[in-house]
Amino acid sequence: MKDERQPSNASAPSRAVVIGSGFGGLAAAVRLRARGYDVTVLERLDRAGGRGRSFVQDGFTFDSGPTIVTAPFLFEELWQLCGRRFSDDIDLRALDPYYRIVFDDGGHFDAFADDAAMQREVARIAPDDLEGYDRFMQHSERLFRIGFEKFGHVPIDSLGQMVSMVPDLVRARADRSVHAVVSDYVKHPYLRFALSYHPLFIGGNPFRASSIYCMISYFERHWGVHYAMGGMGALVNGLVGLIEGQGSTIRTNAEVAEVTVANGRATGVRLASGEVIAADIVVSNADTATTYQKLLAGAPRKRWTDSKLDRASYSMSCFVWYFGTKRQYPDVPHHTILVGERYREHIADIFDRKVLAEDFSLYLYRPTATDPSLAPDGCDSFYALSPVPHLDSGVDWSTRAEPYRAAIERQLSQTLLPGLADEIATSRLFTPRDFQDVLLSRKGAAFGIEPVLTQSAWFRPHNKSEDIDGLYLVGAGTHPGAGVPTVLSSARVLDVVVPDPMSTAARVAV
Ligand SMILES: Cc1cc2nc3c(=O)[nH]c(=O)nc-3n(C[C@H](O)[C@H](O)[C@H](O)COP(=O)(O)OP(=O)(O)OC[C@H]3O[C@@H](n4cnc5c(N)ncnc54)[C@H](O)[C@@H]3O)c2cc1C
């Protein structure tokens, strides 16, 4: 019988194991194979995609997590690496307007793709803020050039690199929060919200996330907001097709229990089933805290020790209610954000006080506005997302989930979806407990380690592990952070930090 623990010899392609099949893991698999590695992806769930996986229930298709596609070039590159065209597999549609924000007083703000339409919308709300809005967008572009173009695709794994960022960060006033900086430019509360809420998309608190995240407004403007027909599942299936077409293997129902280590170097993984798979490099797309604390529990670690990870601050979690309706709600846009009356206090409940509030701000997703194929004829597929504290709240979701869902249903009935209770055809919940138990996320955080300045760039777990040779990290918990484009960028960073395959094999064999 072949001994799987033997390192590969120098003439064979080096073996890479990728733990997890979120967008970061799938993109890493494509890139490593394109470099010449022999790649196996191991996923503990029964399907690929991680937070981006989709599911079908009673004839309705649901995207479980991410819904907004931006920076499509990051996907296109992966198709190009396989000698294929993205547009041959994926039907990407640009949305315009991008989304509607509905405020508690009944007013709304639509974010448009077109500059002139956006300026008209700003002028409709607050003509006095038009000039400030224009200046803010210029500021957002400057931050984008720094945060995304300059530092978003390179490893920040030495203190020297971090120090080289400092002048840019100082000029950008990265020590201030997104909301504080936006408030310097515009006065109207609708605009302050519309230009500052974006950190919530990546698990950050707009009142303390670094103002570098003001770049997201320009990010959206630059590439647009898109939808892949068929939902996020179409993108996941497209990537799975690429990976299999490259000759790599994706194994589902394959939970990694341990990264095996010898002499400070990763040698492969041990599955929960007991099977051992040898590898020359291991790439973890699993939650970073879980990777270090559980998968490397026995390995000596100097930087990401258990106590350091216990002290880290983790992003908020989400309560997600997926539901299908027997009728359609044609007036409800593809993306709607409903802002609660107590927005600022509510954010403090989530991030600081860690209590489950009685009221909420919601994100309502209705993909059938663009893509009727996600529901049976005459029906709609929805999800409602409520940001909630992670599991340090102590909330017992086994008893609180249903009353919380019912409260969301009442709120939606009174606002956008009249008569909702009688129209529900199918329903499923995903709570912070599920983020912990299903996705193995520390504290049930939906976006990993919180994106604050002191936990970003060099301060975040590096893409090339500081503790274990031959171990690399991709995904939300490493540099540059959470969000689909961001985790695709983390896989791009691998191209810089992972050695060429033969040199790894040669080094291991010596
Ligand atoms: C509700 C929600 C809405 C969001 N909306 C957006 C959006 O609109 N736009 C956007 O850009 N971003 C959005 N995000 C953020 C974005 O979805 C995530 O940051 C991103 O998808 C995370 O990708 P990842 O590569 O880190 O992997 P993940 O999606 O976290 O996947 C990790 C995978 O690893 C697997 N795994 C874990 N441990 C093991 C193990 N031991 N063995 C084997 N497999 C393991 C897990 O099962 C999982 O499949 C949203 C997130 C959530 C939760």
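Note that this is a predicted model, so its numbers are computed, not measured. Counting convention: from 1, in listed order, for ligands and their atoms alike.
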Q.
Counting only heavy atoms not in Lys354 (residues, nucleotides, ligands), do more than 12 fall under 6.0 Å from its NZ?
A. yes
Q.
Closer than 4.0 Å to some heavy atom of Pro485 - which atoms of ligand 1 meet that?
A.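 Under 4.0 Å from Pro485, ligand 1 has these atoms: 11 (O).
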Taking distance alone, no hydrogens or angles, what donor-acceptor pairs closer than 3.5 Å link side-chain atoms of residues 240-255 to residues at least two apart or in another chain?
{"unit_1": "Gln246", "atom_1": "NE2", "unit_2": "Val30", "atom_2": "O", "d": "3.0"}
{"unit_1": "Arg251", "atom_1": "NH1", "unit_2": "Glu275", "atom_2": "OE2", "d": "3.0"}
{"unit_1": "Arg251", "atom_1": "NH2", "unit_2": "Glu275", "atom_2": "OE1", "d": "2.8"}
{"unit_1": "Glu255", "atom_1": "OE1", "unit_2": "Arg44", "atom_2": "NE", "d": "3.0"}
{"unit_1": "Glu255", "atom_1": "OE1", "unit_2": "Arg44", "atom_2": "NH2", "d": "3.4"}

Q | Residues forming a ring pair (Phe, Tyr, Trp, His ring centres under 6.0 Å) with His226, sequence neighbours excluded | A | none
Q | Cation-aromatic face contact Arg301/Tyr292, 6.0 Å, 45 degrees | A | no
Q.
Using a strict threshold of under 4.0 Å (side-chain N to carboxylate O), is an ion pair present between Arg31 and Glu77?
A. yes
Should the proximity of [X] to ligand 1, defined as any heavy atom under 4.0 Å, be assigned to the side chain, the backbone, both, or neither?
X      : answer
Leu440 : side chain
Ala254 : backbone
Val487 : side chain

Q | The one among Gly483, Gly50, Ser490 that brings a heavy atom closest to atom 16 (C) of ligand 1 | A | Gly483
Q. Is Gln455 reaching over with its side chain to a backbone N or O of Ser313, donor-acceptor style, under 3.5 angstrom?
A.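 At least one qualifying donor-acceptor pair exists.
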**Q.** 4.0 Å heavy-atom contact, Phe430 with ligand 1
**A.** no
(Q) Below 4.0 Å from ligand 1: does a non-hydrogen atom of Tyr363 turn up there or not? (A) no
